[in-house]
Amino acid sequence: MIYPIVAFGDPVLKAKAKLIPADFPAAELKQIIADMYDTMYHAHGVGLAAPQVGKSIRLFVIDSEPMLDEDEDGNPIVEEPTAAPVKRAFINPQMVSETGEEWGFEEGCLSIPGVREKVVRHSTIVLRYEDEHRQEHEETFSGMTARVIQHEYDHLEGVLFTDYVSGLKKQLLKGKLARISKGDVNADYRMKFAGQGRR
């Protein structure tokens with residue numbers, strides 16, 4: 001099932017997502033993850049967090065392969081120590097550390113179509129999480145994969161990439177964000193707007 005993607009302005013995107021309990025039905029969780037992958041690929045995204053489909057639970061999926069080839073200037077990206085693309089579901093993730101050189105990259109978000117802004121993030125992270133079989137891991141990610149994970153992790157904390165934008169740019173974005181929240185968007189996937197149902 002392909003979910004409509006929740007647009008900027010819906011309170012679920014600003015709420016801190018809840019932990020998924022150990023007794024959460026495994027079959028239901030597996031289905032949510034499969035549907036989230038389908039939704040992400042349908043919208044040509046590289047990551048999708050559960051709040052973006054209206055579920056305030058600590059879960060996101062990523063497939064960083066489309067972003068590993070080159071940076072915004074067309075330069076090859078060297079990834080250490082996780083050079084291979086990562087396709088994975090992250091359940092109840094917990095950020096252990098964010099280290100390494102900080103670097104800026106223009107980010108976008110499926111919940112905020114048509115808006116891209118430069119965000120500065122750390123190049124290396126350590127994340128503790130459960131996989132889709134509820135097995136625990138603690139793993140290091142770097143480069144573009146680390147960025148995708150940080151962006152999706154922020155969604156679980158109620159943080160959007162536009163929250164990192166400076167005051168002046170935030171003022172300039174205000175009108176565009178207001179239009180998105182009212183449904184004035186041009187997206188090639190279904191969206192859900194606060195108080196308006198599906199589109």
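Only a predicted model underlies this, so the values are computations on that prediction, with no experimental measurement involved.
Counting only heavy atoms from C-beta outward, the side chains of Glu65 and Lys87 never approach each other to under 4.5 Å. By the 4.5 Å heavy-atom criterion applied to side chains, Leu59 and Met36 are counted as neighbours. Under the 4.5 Å side-chain criterion, counting only non-hydrogen atoms from C-beta, Leu172 is not in contact with Val165. Contact check for Gln52 versus Leu13: side-chain heavy atoms found under the 4.5 Å cut-off. When side chains are defined from C-beta on, Ile180 counts as touching Pro113, because their heavy atoms get closer than 4.5 Å. Inter-residue side-chain proximity for Phe161 and Val115 is flagged as met; some heavy-atom pair is nearer than 4.5 Å. Two residues are said to be in side-chain contact when any heavy atoms from C-beta on lie closer than 4.5 Å; Arg147 and Phe105 meet this criterion. Side-chain atoms of Phe90 and Glu152, non-hydrogen and from C-beta on, never get closer than 4.5 Å to each other.
Annotation: the span from Met40 atom CE to Ile5 atom CD1 amounts to 10.0 Å, rounded to 0.5 Å. Between the CD1 atom in Ile62 and the CG atom in Leu48 there is a gap of 12.0 Å [rounded to 0.5 Å]. To the nearest 0.5 Å, atoms NE2 (His155) and OG (Ser111) are separated by 5.5 Å. With rounding to the nearest 0.5 angstrom, the CD atom of Glu157 is 4.0 Å from the NZ atom of Lys16. To the nearest 0.5 Å, atom OG1 of residue Thr124 and atom CZ of residue Phe141 are 11.5 Å apart.
A distance-only check finds a donor-acceptor pair linking the side chain of Arg190 to the backbone of Ile2 [under 3.5 Å]. Asp163 places a side-chain N or O within 3.5 Å of a backbone atom of Leu160 that can act as its donor or acceptor partner. Side-chain atoms of Lys14 come within 3.5 Å of backbone N or O of Gly158 as a donor-acceptor pair. For Thr39 (side chain) and Tyr3 (main-chain N/O), a donor-acceptor pair under 3.5 Å exists by modelled atom type. For Gln150 (side chain) and His122 (main-chain N/O), a donor-acceptor pair under 3.5 Å exists by modelled atom type. Looking only at distances, no side-chain donor or acceptor of Arg134 sits under 3.5 Å from a matching main-chain atom of Ala26.
Crowding of Glu138 atom CD: a count of heavy atoms from other residues, nucleotides or ligands under 6.0 Å exceeding 12. No more than 12 heavy-atom neighbours from other residues, nucleotides or ligands sit within 6.0 angstrom of CD on Glu101. No more than 12 heavy atoms of other residues, nucleotides or ligands sit less than 6.0 Å from atom NZ of Lys30.
For the residue pair Tyr164/Glu117, the side-chain donor-acceptor check at 3.5 Å is not satisfied. Side chain to side chain, Asp35 and Gln31 meet the donor-acceptor criterion of an N or O pair below 3.5 Å.
Nearest heavy-atom pair, Ser123 versus Ala146, reported as atom, atom and distance to 0.1 Å: O-CB, 3.7 Å. Closest of all the heavy-atom pairs between Leu156 and Pro93 is CD1-CG, 3.5 Å. Residues Leu110 and Tyr189 share a closest heavy-atom pair of O-OH, 2.7 Å. Contact between Gly9 and Ser181 at its shortest, heavy atoms only, is CA-CB, 4.0 Å. The heavy-atom pair separating Ile57 from Pro51 by the smallest distance is O-CD, 4.0 Å. Residues Gly47 and Val148 share a closest heavy-atom pair of CA-CG1, 4.5 Å.
With hydrophobic clusters built from ILVMFWY side chains whose heavy atoms lie under 4.5 angstrom apart, Met144 does not share a cluster with Val120. The hydrophobic cluster containing Val185 also contains Ile112, counting ILVMFWY residues as joined when their side-chain heavy atoms lie under 4.5 angstrom apart, directly or transitively. Leu168 and Leu173 sit in two unconnected hydrophobic clusters of ILVMFWY residues. Membership requires side-chain heavy atoms under 4.5 Å apart, directly or through other members. No continuous path of ILVMFWY side-chain contacts below 4.5 Å connects Val126 to Phe60, so the two sit in separate hydrophobic clusters.
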Which is it for Leu127 and Met95 under the side-chain contact (heavy atoms from CB on, under 4.5 Å) test, yes or no, and what are the steps along the way? CA-CA 5 Å; Leu127 193 74; Met95 194 67 72; 4.0 Å; yes
Verify side-chain contact (heavy atoms from CB on, under 4.5 Å) between Arg88 and Glu139, making sure each step is shown before the conclusion. CA-CA 12 Å; Arg88 199 167 304 162; Glu139 197 170 344; 2.8 Å; yes
Full working for salt bridge (charged side-chain N to carboxylate O under 4.0 Å, His left out) between Arg121 and Glu98: CA-CA 9 Å; Arg121 297 190 188 271; Glu98 296 172 287; 5.8 Å; no
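A cation-pi arrangement is present between Arg58 and Tyr153, with the terminal nitrogen or guanidinium carbon under 6.0 Å from the aromatic centre and inside a 45° cone about the axis.
Pairs engaging residues 17-48 under the ring-ring contact (aromatic ring centres under 6.0 Å, His included) rule: none recorded [sequence neighbours left out].
Partner of Ile91 under the side chain to side chain contact (heavy atoms under 4.5 Å, CB included) criterion, out of Asp131, Leu19, Ile33: Ile33 alone.
A salt bridge does not link Lys118 to Glu106: none of the charged nitrogens lies less than 4.0 Å from a carboxylate oxygen.
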